[in-house]
Structure formats: structure tokens, C-alpha cells
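First up is the structure itself, then whatever we jot down about it.
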Amino acid sequence: MADACIEWYDRNARDLPWRVPGTSAWAVLVSEVMLQQTPVVRVEPAWRSWLTRWPTPAALAADTPAEAIRMWGRLGYPRRAMRLHACAVALVERHGGEVPDDLDALLALPGIGTYTARAVATFAYGRRHPVVDTNVRRVVARAVNGLPDAGPTTTAADLVETAALLPADDARAARASIAFMELGALLCVARSPRCADCPLVARCAWRAAGAVPAQGPSRRPQGYAGTDRQVRGLMMAVLREAHGPVPRPRLDAVWPDEVQRARALAALVTDGLVEPVTDDATHFVLAGDRPPPATPV
DNA sequence: CAAACGTGGTG
DNA sequence: TCACCAAGTTT
């Protein structure tokens with residue numbers, strides 16, 4: 001299975017900048033964090049801008065979280081920008097500004113979880129680890145287990161199952177992992193998979209079973225309009241564009257419901273994305289963007 | 001462990 | 001139009 005996927009990958013892989021040989025581990029790490037729940041097409045330009053401005057962890061660590069949040073733009077989940085900044089600080093403090101290749105050291109970094117740690121160790125350093133994301137889980141669920149889709153989250157069993165598919169050779173195992181992911185992203189997609197072009201079609205357990213579609217509603221609360229998340233997003237957009245401290249009324253203008261506004265703003269402060277400039281909380285800034293105190297003469 | 005966490009494109 | 005989906009992590 002791995003061989004067929006690698007062969008397909010070699011001919012059909014997208015030409016993505018973070019896959020270019022010689023890409024730094026930091027650049028790979030940044031790409032992986034940006035790609036958490038955000039489509040490739042939106043990540044590409046943001047990734048280029050980010051790495052141009054902050055080519056190393058030390059460069060980012062020397063800047064403010066606010067600048068990271070601004071550079072993050074509209075990628076979504078701005079807490080990822082916060083954590084990426086915190087990650088850069090941790091890399092400087094704990095690893096001399098280098099990205100470690102050790103799984104446990106990677107997992108201990110802010111914003112780096114099971115998937116990202118393995119992705120960095122594998123794609124930046126060629127280590128042999130199962131790399132399991134939503135694409136891989138879908139491919140394995142279908143091709144190996146004959147199911148229409150994978151479960152909602154990655155389990156320990158998923159890691160074991162995927163590890164069993166990896167070639168013995170480290171470099172080839174890494175290639176297999178990226179091939180599984182690419183297959184899930186381009187052909188074995190969630191809706192209307194392109195089985196006709198799939199290198200696994202002849203041995204796919206799901207196809208063999210008749211490619212029965214998933215039953216029942218996928219029941220996930222994906223709604224966005226009217227949620228606190230939307231209100232937070234609107235407020236963050238105002239703060240990103242602002243130069244100086246933003247007066248509370250400008251944040252209030254983004255949403256009619258006062259109760260919800262207050263809740264959203266309080267949550268942003270609690271999360272550390274936003275800070276009140278003064279104790280009276282009449283003005284707000286992005287994290288770390290507090291203006292310097294007036295220098296006494 | 002379920003829920004929270006942005007944003008925009010698409011069938 | 002609107003529900004679904006996109007290289008997850010944290011609490």
C-alpha cells in the first residue's frame with residue numbers, strides 16, 4: 001500500500017513551498033501550525049510573509065505577540081499565532097533557538113500536539129513516526145478498514161495502525177506519510193472521492209464493500225453565525241487593523257448584543273489575545289502591544 | 001472527553 | 001442557500 005501511494009505521490013504531488021528540499025525545520029513547523037484547520041491555498045501566501053519577516057525562532061521571539069497576531073491575518077484561530085510566538089520563545093529558551101527533532105521535546109512546545117510533533121520530526125528531520133491527520137485517518141479507514149469515514153479524533157489505535165503501514169526505511173517512511181496525506185487531500189476526499197484515479201482502488205476495502213456512504217447526520221456543531229466566535233473574530237479584526245489603543249466603543253460597534261459583546265471581549269482578555277491598556281478598561285490592544293509609558297523628564 | 005476555538009470556499 | 005469541510009490543540 002505504501003509503495004503504490006509513494007509512486008502516485010511522486011507523479012501527482014502538489015508543488016508546495018514547504019516541501020522544497022532544504023526548507024528549515026522552523027519553516028516546516030510554521031507551515032504545520034498554519035495548516036491546522038486552514039486550507040493550503042490560504043496558508044501559502046501567509047507562510048511566505050511570515051518566514052520572510054521571521055526566518056528564525058529567535059527573530060519571532062524578539063517581536064511582540066501582537067505583531068504575530070497581525071501577520072496571522074485572517075487565517076483563523078488567532079490563538080495559534082499566540083502559541084506560535086510562545087513556541088518561538090520556548091525554542092530560544094530551551095533549545096538555543098533550534099527546533100528539536102525529538103518527539104517529546106516537540107510535544108512540550110506550545111501549540112504542538114500529537115500530529116504536529118510527528119509531522120515536524122518526520123518531514124523536517126526524516127525521523128520514522130506515524131503521522132496521522134484527518135486525511136490519513138480517512139484513507140486508512142477506507143482502504144484498510146472498509147469504513148466510509150474515520151472517527152472524529154485521532155486515537156492511539158490510529159497511530160499503531162498507521163505505523164504498521166510504514167516502510168522500514170526512515171526516509172521512505174516519511175515519504176509514505178506525506179503520500180498518505182496527499183492522497184487524502186486530493187483523491188480520497190471527504191465528499192465525492194475520485195476513486196477512478198486512486199492507486200489503491202483495486203485493493204481498497206471500502207470499494208470492495210461497495211463504497212457504502214456514511215449513515216446518519218455527522219452531528220457536529222459547526223455553526224458560526226451569531227456565536228461568540230464570530231463576535232470575537234469581529235473584535236480581533238478591529239484590533240488587528242488598529243494602530244494605537246482601541247476605545248471600547250469601537251469594539252462595541254461590531255455587534256448589537258451587549259451581553260454577548262462583553263462575554264466575547266472578556267474571553268479574549270482571558271485567553272491573552274487582548275489586553276486592557278489601563279485598569280479602567282476603556283481601551284484595548286493586542287497582546288503585548290501596550291504603548292510604552294510616557295518617559296518622565 | 002466533549003466542547004471551544006476563525007474563516008472562507010464549495011456542492 | 002446553507003451545511004459541510006479544511007495538515008488540530010487545549011482544557
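A note on names: the letters A, B, ... follow the listed sequences, proteins ahead of strands, and every chain is numbered from 1. Everything numeric in this text was worked out from a predicted model, so none of it was measured.
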Over all strands shown, is Ala190(A) touching base, sugar-phosphate only, or nothing at heavy-atom distances under 4.0 angstrom? sugar-phosphate
Base, sugar-phosphate, or nothing: which does Gly113(A) touch, judged by heavy atoms less than 4.0 Å apart? sugar-phosphate
Under 4.0 Å between a side-chain N or O of Arg74(A) and OP1 or OP2 of dG6(B)? no
Report the distance from atom CG of Leu107(A) to atom P of dT10(C), rounded to the nearest whole Å. 9 Å
Closer than 4.0 Å, any side-chain N/O of Gln36(A) to the OP1 or OP2 of dA7(C)? no
Show your working on salt bridge (charged side-chain N to carboxylate O under 4.0 Å, His left out) between Arg232(A) and Asp228(A) and close with a plain yes or no. CA-CA 6 Å; Arg232(A) 289 169 55 120; Asp228(A) 284 8; over 6 Å; no
Taking the C1' atom in each of dG6(B) and dC4(C), what is the distance between them to the nearest angstrom? 16 Å
More than 12 foreign heavy atoms under 6.0 Å from CZ of Arg207(A): is that the case here? no
How is Leu16(A) classified with respect to the nucleic acid when contacts are heavy atoms under 4.0 Å: base, sugar-phosphate, or nothing? base
Looking for any heavy atom pair under 4.0 Å, which part of the strands does Arg118(A) touch: base, sugar-phosphate only, or nothing? nothing
Would you find a donor on one side and an acceptor on the other, under 3.5 Å apart, between the side chain of Ser49(A) and the backbone of Pro45(A)? yes
Is Leu183(A) reachable from Trp206(A) through a run of hydrophobic residues whose side-chain heavy atoms are each under 4.5 Å from the next? no
Side chain proximity check, Arg240(A) to Trp72(A), heavy atoms < 4.5 angstrom: no
Quick check: does any side chain N or O of His85(A) sit under 3.5 Å from a backbone N or O of Asp63(A), one acting as donor and the other as acceptor? yes
Between dG11(B) and dA7(C), how far apart are the two P atoms, rounded to whole Å? 15 Å
Count I, L, V, M, F, W, Y as connected when their side-chain heavy atoms are under 4.5 Å apart, and connections chain through other members. Are Leu84(A) and Leu268(A) then in the same cluster? no
For Ala237(A) and for Thr153(A), locate the closest nucleotide of DNA chain B by heavy-atom distance; then report the residue assigned to the nucleotide nearer the 5' terminus. Thr153(A)
Looking at residues 168-176 of chain A, who's got a heavy atom less than 4.0 Å off DNA chain C? none
Euclidean distance, atom CD of residue Glu44(A) to atom P of dG8(B) [Å, nearest integer]: 18 Å
In whole Å, measure the gap between the C1' atoms of dC5(B) and dA6(C) for me. 14 Å
Report which part of the nucleic acid Trp72(A) touches: base, sugar-phosphate, or nothing (heavy-atom distance under 4.0 Å, all strands). nothing
Could you check whether Arg240(A) gets within reach of a base, just the sugar-phosphate, or nothing at all, counting any heavy atom under 4.0 Å? sugar-phosphate
Write down the protein N/O and nucleotide N/O pairs, taken from nucleotides 9-11 of chain B, whose separation is under 3.5 Å; answer none if there are no such pairs.
none

Could you give the CG-to-C1' distance, from Leu268(A) to dG6(B), as a whole number of Å? 11 Å
Tell me what Thr114(A) touches on the nucleic acid: a base, only sugar-phosphate, or nothing, going by heavy atoms under 4.0 Å. sugar-phosphate
The answer to which of Arg83(A) and Val189(A) contacts DNA chain C further toward the 5' end, by nearest nucleotide, is Val189(A)
Round to the nearest Å and state the distance from Met236(A) atom CE to dG8(B) atom P. 14 Å
Test side-chain contact (heavy atoms from CB on, under 4.5 Å) applied to Ile69(A) and Leu239(A), Val274(A), Leu286(A), Asp289(A), the passing residue: Leu286(A)
With heavy atoms under 4.0 Å as the rule, sort Thr134(A) into base, sugar-phosphate or nothing. sugar-phosphate
Please check if atom CD in Glu98(A) has more than 12 non-hydrogen atoms from other residues, nucleotides or ligands closer than 6.0 Å. no
Mapping Arg19(A) and Leu109(A) onto DNA chain C by nearest heavy atom, which one lands closer to the 5' end? Arg19(A)
May I have the step-by-step check of side chain to side chain donor-acceptor pair (under 3.5 Å) for Thr162(A) and Arg137(A), ending in yes or no? CA-CA 8 Å; Thr162(A) 304; Arg137(A) 289 191 295 113; over 6 Å; no
To the nearest angstrom, the CH2-P distance between Trp18(A) and dA7(C) comes to 11 Å
Are Thr116(A) and dT9(C) close enough that a side-chain N or O sits under 4.0 Å from OP1 or OP2? yes
Is Arg229(A) reaching over with its side chain to a backbone N or O of Tyr224(A), donor-acceptor style, under 3.5 angstrom? no
Shared hydrophobic cluster for Val140(A) and Trp8(A) (ILVMFWY, side-chain gaps under 4.5 Å): yes
Rounded to whole Å, please give me the gap between CG in Leu159(A) and P in dG8(C). 14 Å
In whole angstroms, how far is the P atom of dT11(C) from the OH atom of Tyr77(A)? 15 Å
Taking any heavy-atom pair under 4.0 Å as a contact, classify Ile112(A): base, sugar-phosphate, or nothing. sugar-phosphate
Looking for any heavy atom pair under 4.0 Å, which part of the strands does Pro78(A) touch: base, sugar-phosphate only, or nothing? sugar-phosphate
Rounded to the Å, how far apart are Arg80(A) CZ and dA4(B) P? 19 Å
Distance below 4.0 Å between Arg232(A) side-chain N/O and dG6(B) OP1 or OP2: yes
Is there a side-chain contact between Arg138(A) and the phosphate of dA6(C), meaning an N or O under 4.0 Å from OP1 or OP2? yes
